[in-house]
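To keep things clear, I will list the structure first and then write my remarks on it.
Numbers for residues simply follow the sequence, beginning at 1. Side chains are part of it too, since the values below use all heavy atoms of this structure and drop only hydrogens, waters and symmetry mates.
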Amino acid sequence: MEIFEILGVILALLIGVSLGLIGSGGSILTVPILVYVVGIDPILATAYSLFIVGATSLVGSARNIIDGNVHFKIALAFGIPSLIAVFLTRAELVPLLPDYIVLSNKTEIPKSKLIMVLFSIVMFAASSRMIRKPRHKNIAKQEILTSFIPLASQGLLIGTISGLVGAGGGFLIIPTLVFFANLPMKKAIGTSLTIIACQSLIGFTGDLVHQEIDWKILLSFTSVSIVGIFIGMKLSKRIMDGNLRKIFGWFILSISIYIIIKETF
């Protein structure tokens, strides 16, 4: 391994810690590390990211199942429609969008830029709500929503947004599970990891036909990331639900501001 590959593998620890601690941040960290540190082609890096995040989330999901932090009914009702929406959006909707979007003042904006700005606005709104104090004193005692149609409709919406931007995962899933389904934060993280694992690993199988995979690098990255998720989960057990929500909120707020600055300037 070259020095940058070794550095990239070490940074993979952060990917796992992020997934274990707040149930998200995997793809948003993995792709830049693979592209800018290891020097992997961005398209291939996206495929690698699916496997690394998927395998790491799968291990985290198994641990959360043992701890009783996965709500299976919600995972199925929300996750399956979300998965279908991601697939259809990537396969049918994205190719139909023009490369440049013309605004009312005849300004032309690249499709990718507009999508990322819209994504950052959604993230900003979600983060501000996570940071704010909940109106109810004990959010964990609210009735958990398990009705199929409302959860499926949210899954379709979140899946469509995730499909458009090619990322999103826990950044969008967790706020929905907390504020729409009324899941406690730690249960939302465990359920989110289960959904992310299924989405990512199924997505990776589609890349196996088109991409030449360097399994040595990929498995090295994944192994270190899995170590990281155990560290993240251990840390999360020491943090109260309300504080965990705030950590999540501030994290995605900083990412949303970064995206807005990057895409605007």
Side-chain angles (χ1 to χ4, degrees), residues 10-33 36-37 49 52-53 56-57 60-61 63-64 69 115-140 142 154 157-158 161-162 165-196 200 225 228-265:
I10 293 170
L11 289 173
L13 196 70
L14 296 176
I15 298 164
V17 171
S18 174
L19 285 167
L21 183 61
I22 58 174
S24 65
S27 59
I28 210 93
L29 293 172
T30 309
V31 174
I33 289 171
Y36 298 120
V37 179
S49 172
I52 295 164
V53 172
T56 305
S57 298
S61 172
R63 180 69 254 182
N64 276 281
N69 283 330
I115 286 173
M116 289 309 295
V117 169
L118 290 174
F119 178 51
S120 65
I121 291 171
V122 172
M123 285 176 64
F124 189 91
S127 67
S128 61
R129 190 168 181 189
M130 295 296 281
I131 292 167
R132 283 203 309 264
K133 244 184 180 178
R135 291 178 184 177
H136 301 275
K137 288 185 179 179
N138 195 340
I139 194 168
Q142 292 185 68
Q154 287 295 311
L157 175 63
I158 300 303
I161 296 171
S162 297
V165 301
F171 283 124
L172 300 176
I173 295 171
I174 288 178
T176 305
L177 296 181
V178 170
F179 294 111
F180 185 78
N182 298 323
L183 275 182
M185 185 65 185
K186 289 177 183 176
K187 211 151 197 169
I189 289 172
T191 307
S192 171
L193 286 174
T194 304
I195 296 168
I196 292 169
S200 300
S225 181
I229 200 169
F230 282 109
I231 296 171
M233 288 189 294
K234 198 169 184 67
L235 289 172
S236 72
K237 287 180 179 179
R238 299 181 180 183
I239 303 172
M240 292 179 64
D241 245 40
N243 292 332
L244 207 53
R245 286 175 57 245
K246 286 183 180 179
I247 290 170
F248 177 89
W250 284 110
F251 185 60
I252 61 172
L253 177 65
S254 62
I255 296 294
S256 68
I257 292 171
Y258 167 76
I259 292 172
I260 291 172
I261 292 172
K262 183 177 179 293
E263 297 298 332
T264 306
F265 300 105

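Taking every heavy atom of both residues into account, G23 and L193 meet most closely at CA-CD2, 4.2 Å. Contact detail for F248 and I22: the closest heavy-atom pair is CD1-O, 3.6 Å. Contact record, A125 with S128: O-OG, 2.8 Å, taken as the closest heavy-atom pair. Of all heavy-atom pairs spanning N243 and I239, the tightest one is CB-CG2, 3.6 Å. The heavy-atom pair separating I189 from G20 by the smallest distance is CG2-O, 4.5 Å.
Two residues are said to be in side-chain contact when any heavy atoms from C-beta on lie closer than 4.5 Å; M130 and K246 fail this criterion. Residues I229 and R63 form no side-chain contact, since every pair of their non-hydrogen atoms from C-beta on lies 4.5 Å or further apart. Residues L14 and L11 form a side-chain contact, since some pair of their non-hydrogen atoms from C-beta on lies under 4.5 Å apart. With contacts defined as side-chain heavy-atom distances shorter than 4.5 Å, the pair L13/S225 does not qualify. Contact of the V53 side chain with the T30 side chain is registered, since non-hydrogen atoms from C-beta on lie closer than 4.5 Å. Looking only at side-chain heavy atoms (C-beta outward), T191 and L183 come within less than 4.5 Å of each other.
Contacts of I121 classified as side chain to side chain contact (heavy atoms under 4.5 Å, CB included), with partners at least two apart in sequence or in another chain: V117.
Taking CD1 of I174 as the start and CD1 of I195 as the end, the distance is 9.5 Å to the nearest 0.5 Å. To the nearest 0.5 angstrom, S57 atom OG is 10.5 Å from N64 atom CG. For the atom pair OG1 of T194 and CG of N69, the computed distance is 10.0 Å after rounding to the nearest 0.5 Å. Note that CD of Q154 is 5.5 Å distant from OG1 of T176, once rounded to the nearest 0.5 Å. In this structure, the separation between CG on L21 and OG on S236 is 6.0 Å, given to the nearest 0.5 Å. Rounding to the nearest 0.5 Å places CE of M185 at 9.0 Å from CD1 of I247.
Just one of S127, S24, S192 meets the side chain to side chain contact (heavy atoms under 4.5 Å, CB included) condition when paired with F171; it is S24.
Within a 6.0 Å radius of CZ in F180, other residues, nucleotides and ligands contribute more than 12 heavy atoms.
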Worked check of side chain to side chain donor-acceptor pair (under 3.5 Å) between S256 and S120:
CA-CA 5 Å; S256 68; S120 65; over 6 Å; no
